[in-house]
Amino acid sequence: MPPAHVLAWRRRAAALALPALLGACTGEPIGWAADQQQICSPPPPFREAAPADPYQQAVARDECIHNWAYRLARSDDDAEAVVGAVIGACRSSIDRSATMVAAGDPEAERFYLAEFERASRERALFRVVQARAGRCSLEPRAIGAEAEAVAAPSNQAEVQSNQQNVQQ
């Protein structure tokens, strides 16, 4: 007869295997298939009001990155090229974050701008890879009149920045 710890391990393994087997019978996704369905994060809501403080600006910056990464991830370009485009689309939000945090100190503003750009690149790369792996899009949110709000940048400064980028 096997030692007690081996028997205990076998019981635990059987207990873990049973739900997996039952899940296969129901047709519900389990394991990796369930993870694939959960990989996409819900896109952030459209915000009409401009951020009033550095925290709100950080949230707006992340929302911009999230939305643009999901929009641009379908591109055939490599992920780094798409990240560059996402950063370009969110440039005004990144700049505004550094300006708000630095509170008028030019040296601090340069420091924060470099830090926010580095962090934004990391975040954009994650969102691009996430969108590609999960085939994520903005469309689950875009129903009827909301479709216009989803496609719109989060504030007027980004609209102007995006228009300038298109003209160039």
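Given the structure is predicted, the values throughout are model-derived calculations rather than measurements.
There is no path of hydrophobic side-chain contacts, each under 4.5 Å, that joins F111 to M100. Residues L125 and I87 share a single hydrophobic cluster, defined by chaining ILVMFWY side chains whose heavy atoms lie under 4.5 Å apart.
Using modelled atom types, one side-chain atom of Q57 and one backbone atom of S93 make a donor-acceptor pair closer than 3.5 Å. A distance-only check finds a donor-acceptor pair linking the side chain of Q56 to the backbone of A52 [under 3.5 Å]. Checked by atom type and distance alone, the side chain of Y70 never pairs as donor or acceptor with a backbone atom of I65 at under 3.5 Å.
Every side chain to side chain donor-acceptor pair (under 3.5 Å) that E109 has, sequence neighbours left out, goes to T99.
Between the NE2 atom of H66 and the OG atom of S41 there is a distance of 5.0 Å, given to the nearest 0.5 Å. Of the inter-residue distances, the one linking R132 atom CZ with L72 atom CG reads 9.5 Å to the nearest 0.5 angstrom. Atom CH2 of W68 and atom CZ of R71 lie 5.0 Å apart (nearest 0.5 Å). With rounding to the nearest 0.5 Å, the separation of OG in S97 from CD in E117 is 12.0 Å.
A60 and P51 make their closest contact through CB-CG, 3.7 Å (heavy atoms, listed as atom of the first residue, atom of the second, distance).
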Is there a side-chain contact (heavy atoms from CB on, under 4.5 Å) between R110 and D105 once you walk through the steps? CA-CA 9 Å; R110 282 190 298 277; D105 181 355; over 6 Å; no
Take R61 and C90 through the side-chain contact (heavy atoms from CB on, under 4.5 Å) test and state the conclusion after the steps. CA-CA 7 Å; R61 184 179 69 239; C90 297; 5.7 Å; no
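Sorted by first and then second residue, the disulfide (SG to SG under 2.5 Å) pairs involving residues 101-138 (not counting sequence neighbours) are C40-C136.
Counting non-hydrogen atoms of neighbouring residues, nucleotides and ligands closer than 6.0 angstrom, the CZ atom of F116 exceeds 12 such neighbours. Heavy atoms from other residues, nucleotides or ligands lying under 6.0 Å from OH of Y55 number 12 at most.
The side chain to side chain contact (heavy atoms under 4.5 Å, CB included) test with V82 is passed by exactly one of D77, V129, D76: D77.
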